[in-house]
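Reminder, nothing fancy here: chain letters follow the sequence lines and each chain counts from 1.
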Amino acid sequence: MAGNDISSGPGNAGRAQARHEAAEFLLRRHRFRPAEALPWLIAIAAFFVFPDRMTFGSQVLVMILFAISLDLILGYAGIVTLGHAAFFGVGAYTVGLASARLGWTEPISGLFAAAIMAALAGFISGWFLLRYRGLTLLMLTLATAIMILETGNFRSDITGGYDGMPGLVFQPVLGMFEYDLYGRTNYLYALAVLAVVFFFVRRIVYSPFGQALTGIRENVRRMHAIGSPVHRRLVTVYTIAAAIAGVAGALFTQTNAYVTLTVFDFDTSAKVLVMLILGGTGRLYGAFIGAAVYLILEDHLSKLSPTFWQFGIGILLLVTVLFARRGILGVIEDLGRFRSWKGRIRMVPGRIVWSNVQWKGIGMAAFDGALIGLAVGFAANVGRTNLLWSWFVTEPLSVLAWTAAGAALVAAINIGYLVYAERSATGSTPR
Amino acid sequence: MVERALELDMVRAGYGETVVLEDVALAVAPDEIVSIIGRNGVGKSTLLATIMGHTNLHGGRVLLHGRDISHVATYRRVVDGLGYVPQEREIFPSLTLRENLEVAARPGPWTVETVFELFPRLSERAANRGNQLSGGEQQMLAIGRALIGNPTVLLMDEPSEGLAPVIVEELTRAVKRLTKAGGLAIVLVEQNSRLALDIAPRAVVMDRGRIVYDGPSATLRDDPVKLEQLIGVVKS
Amino acid sequence: MPQVATIAVSILFDGLAYAMFLFITAVGLSVTMGLMNFVNLAHGAFAMAGGYFVVSLTQSYGVDFISSLIIASVLVGLISIRFERRLYRPLYKAGELDQVLLTIGLAFMAIAAFTFFYGPIPKSVPLPQWLQGNVDLGFRAFPRYRAFLIVLGLFLVAVLWYGFERTNIGARIRAAVDNRRMAESVGINVDLLFTVTFAIGSGLAALGGGLAIQLFGLTPYFAVLYLVLFLIVVAVGGLGSLKGTLMAALLLGIVDTAGKYLIAEAGGFFIYVITVIVLLLKPAGFYGRQ
């Protein structure tokens with residue numbers, strides 16, 4: 001991260017100079033770059049180009065907001081949590097219960113109420129939980145989320161349980177904008193909320209506080225050693241992120257006019273995690289790309305076959321973690337650097353590939369590919385046969401073809417990856 | 001050509017991207033005892049860690065009995081004849097003393113019984129768990145655990161550190177018995193240079209990741225000024 | 001028999017059976033997580049696979065229940081070796097986030113695959129005659145199947161305990177859990193050790209999955225439904241500890257059963273409360289290492 005060493009430079013003059021340079025650096029990062037206008041332009045364009053998909057569009061915006069809140073704690077502070085849906089749910093139910101049970105239907109104050117309730121939940125749980133790391137933290141966040149879920153389930157008389165509370169009513173935004181059947185008002189409303197919150201988050205991230213968070217993520221021990229109030233900072237960011245997740249949840253309820261307990265599910269936490277990783281963590285716009293791509297894919301593929309879609313997410317995760325760890329945004333950045341590599345690409349990656357070890361690895365990979373090809377071939381043929389082995393016996397050539405195709409494909413992928421990895425090693429450093 | 005039990009050939013190594021050892025060249029004969037001395041932080045422990053394969057080798061080679069083990073997994077190096085007594089002793093806390101020895105046992109003259117002969121105190125505490133032993137007992141166990149693997153090259157990292165002088169004497173006696181027995185090359189890293197020069201006939205002095213002296217211990221014993229110069233601080 | 005005692009006995013019995021299921025399935029996860037520091041959220045998928053293999057073996061191939069359990073466990077154990085080598089090994093040094101993501105991805109793929117092959121309808125297994133019905137102990141009749149589960153569980157506890165505490169391999173595993181680098185430095189091939197341990201753990205999970213069919217029914221969502229439970233048992237018991245897993249399984253199994261008996265709607269709540277309390281007080285679990 002920032003390489004400004006404040007300890008260098010003799011005496012007060014040196015320190016003032018160094019401090020000035022650090023501030024300048026932050027200010028430069030803070031300034032808006034032209035590329036940043038792109039996602040917003042796309043969002044506005046979508047309003048005109050897809051007027052009949054606005055309800056879907058609102059969901060995308062809600063998820064983007066939710067993913068941003070997760071990015072704050074995961075991408076910037078490095079806190080791994082499986083229970084972030086808890087705050088989303090708290091926000092969603094604050095607004096839902098207020099509308100259904102208390103008759104409070106003003107939307108903007110609903111957002112604030114949701115933010116406050118979620119922030120409270122975040123503060124309390126964060127204060128206790130953030131002393132831990134690793135598996136312990138994972139389990140604690142998960143258990144906390146489930147406890148809130150079970151509480152909601154327990155008093156399903158109030159919360160409506162898993163059936164939820166349908167038919168919620170909200171007043172027009174600012175008393176002026178009526179809701180229409182196509183959800184257009186909702187979309188612009190969500191976009192406005194997203195813009196405001198995003199601006200706020202952006203300021204945090206580029207502030208000294210944000211830098212401290214990155215420090216905590218990268219080397220907790222050192223931050224402790226230099227006397228940084230780690231726990232306090234973590235709780236602060238956790239609370240803020242919880243508040244934002246709460247706002248997202250509130251938006252969810254308001255734009256759907258409906259809320260159920262599934263907002264607290266592990267599924268919800270997992271979904272937003274996947275979206276964020278897909279887009280890329282630690283870079284504010286990763287949430288935009290990840291949520292949009294995920295939801296669009298889901299919309300198209302789960303209509304074809306929900307099972308297929310679920311398998312697809314699984315593969316997507318695998319591929320992302322193994323090959324594109326920094327998400328879509330990371331791949332885009334890599335491609336950007338690719339142009340400067342043209343002169344340095346070695347199509348035959350030198351000594352690494354030709355040693356024994358690598359061939360054995362590729363051989364084993366091909367073996368797995370063969371197994372996979374066999375399994376896929378079997379799946380493709382399973383409708384036609386009754387018993388497990390008849391396909392093997394009656395169509396041995398087909399069996400062979402699938403196996404060979406699988407082996408060849410996996411081997412090719414592996415070799416391709418080796419070449420890519422070799423290029424990455426000789427090229428620039430990550431992010 | 002003299003057969004070399006252990007050889008480091010222009011080794012550059014460190015942890016992660018850093019480089020701690022710079023162009024280190026060292027050769028140890030099968031029955032030789034070498035001590036490695038120098039101030040704190042010059043890379044003595046890193047040298048042993050590199051031989052064991054715990055560090056990142058940026059350049060050069062490590063050879064064991066003439067075979068290049070630079071990219072061989074740690075456990076295989078041990079199977080091939082390396083024995084390691086780490087600086088923190090690193091006894092397995094949830095195993096008993098006897099189990100600590102048993103998991104490390106390999107075929108050869110050293111067995112649980114012969115280790116107990118070398119360190120009689122250990123046989124009394126055989127059923128105690130690793131985390132119930134005193135510092136001195138842990139050190140003896142660490143040495144015994146390395147020996148029971150029947151190594152041909154034994155690496156010891158600051159065995160005297162943090163121990164009472166009485167225990168250090170006992171350890172010194174044991175190590176001297178080892179050296180007399182033969183069949184074992186020993187590389188001994190020590191902060192206590194006086195002790196090191198006493199035990200080992202050959203001394204290697206390191207400074208800032210490099211070897212600055214490699215010769216008879218007697219020379220350094222007889223010339224304390226030179227020793228001070230090489231090490232760089234007042235010797236302990 | 002007085003009402004309270006009857007209820008208490010029922011809770012104990014059912015809770016014990018439940019605890020044995022939890023132990024058998026979760027113990028492999030505990031040891032592999034303790035050994036390799038790897039968060040494996042696909043463990044539930046291995047259990048589920050075991051369950052479905054037992055269903056296929058008993059219903060499509062007419063193999064008897066017990067043999068099916070054995071075959072399914074061995075099969076899943078062997079298959080898991082490929083997964084470990086290819087997919088898990090590259091991520092041992094990665095952070096827990098990457099491991100969580102990879103294994104969740106595998107779990108999703110497993111759910112989808114099994115939905116495709118077996119359909120979403122819950123499956124059951126035909127039990128042999130001697131496992132059906134009740135065994136009458138005079139003051140009460142107990143379902144034979146659960147009694148079998150308890151006996152089997154205790155038997156496995158004994159076998160595992162012996163293997164872990166009294167054999168050389170068990171000592172090596174414990175040494176590697178204590179200090180992996182030092183274990184390698186005394187000549188222990190920790191990679192191989194881990195593969196073997198992982199295979200056994202996955203095989204046990206498959207066994208647990210096969211045993212669970214009669215208790216809970218089997219759907220493709222088994223992989224994630226019970227995953228949280230396994231994770232809780234492991235976290236509360238402490239990674240890499242046989243004793244810890246057993247204690248946690250007993251505690252959570254009995255408390256959960258008691259909760260569901262006594263307060264039907266809120267029953268599931270208590271194990272989470274206990275989890276949070278235990279972890280706040282002892283973050284490494286009962287017998288975990290810090």
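Minimum interatomic distance between Asp98(C) and Val321(A) (heavy atoms only, all atoms of both residues): O-CG1, 3.8 Å. Contact between Met147(A) and Phe269(C) at its shortest, heavy atoms only, is O-CE1, 3.4 Å. Contact between Thr307(A) and Ala112(C) at its shortest, heavy atoms only, is CG2-O, 3.0 Å. Here the shortest heavy-atom pairing between Met139(A) and Ala235(C) reads CG-CB, 3.4 Å. When all heavy atoms of Phe128(A) and Leu280(C) are compared, the closest pair comes out as O-CD2, 4.1 Å. Across all non-hydrogen atoms, the minimal contact from Gly105(C) to Leu318(A) is C-CD1, 4.2 Å.
Within 6.0 Å of the OH atom in Tyr88(C), the count of heavy atoms belonging to other residues, nucleotides or ligands exceeds 12. For Ile121(C), the CD1 atom counts as loosely surrounded, since its 6.0 Å shell holds 12 or fewer non-hydrogen atoms of other residues, nucleotides or ligands. Around the OH atom of Tyr132(A), the shell of radius 6.0 Å holds more than 12 heavy atoms that belong to other residues, nucleotides or ligands. Counting non-hydrogen atoms of other residues, nucleotides and ligands closer than 6.0 Å to OH of Tyr118(C) gives a total above 12.
Residue contact with chain C, scored on non-hydrogen atoms closer than 4.5 Å, involves the side chain of Leu138(A) exclusively. Contacts of Ile315(A) with chain C are made by both backbone and side-chain atoms, with heavy-atom separations under 4.5 Å. Neither the backbone nor the side chain of Phe308(A) comes within less than 4.5 Å of any heavy atom of chain C. Heavy atoms closer than 4.5 Å to chain C are found in the side chain of Arg325(A), but not in its backbone. Both the backbone and the side chain of Val273(C) come within contact range of chain A, judged by heavy atoms closer than 4.5 Å. Looking at Leu316(A), neither its backbone nor its side chain comes within 4.5 Å of chain C, counting heavy atoms on both sides. In this structure, chain A has a heavy atom under 4.5 Å from the side chain of Val39(C), while its backbone stays farther away.
Ile104(C) contributes atom CD1, which lies 4.0 Å from atom CZ of Phe266(A) (distance to the nearest 0.5 angstrom). For the atom pair CZ of Phe311(A) and CZ of Phe114(C), the computed distance is 11.0 Å after rounding to the nearest 0.5 Å.
Counting heavy atoms from C-beta on, the side chains of Leu87(C) and Leu322(A) come closer than 4.5 Å. At least one side-chain heavy atom of Ile277(A) sits under 4.5 Å from a side-chain heavy atom of Leu97(C). Residues Met109(C) and Leu317(A) are not in side-chain contact: their nearest non-hydrogen atoms beyond the backbone lie 4.5 Å or more apart.
A donor-acceptor contact shorter than 3.5 Å is absent between the side chain of Tyr272(C) and the backbone of Ala145(A). With hydrogens and angles ignored, the 3.5 Å screen pairs a side-chain donor or acceptor of Thr136(A) with a backbone N or O of Pro283(C).
Heavy-atom pairs under 4.5 Å with chain C were tallied for Ile146(A), Thr144(A), Leu137(A), Thr151(A); the largest tally goes to Ile146(A).
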> Going through the distances and angles, do Val228(C) and Leu142(A) end up as a side chain to side chain contact (heavy atoms under 4.5 Å, CB included)?
Replying inline: CA-CA 8 Å; Val228(C) 179; Leu142(A) 185 58; 4.1 Å; yes
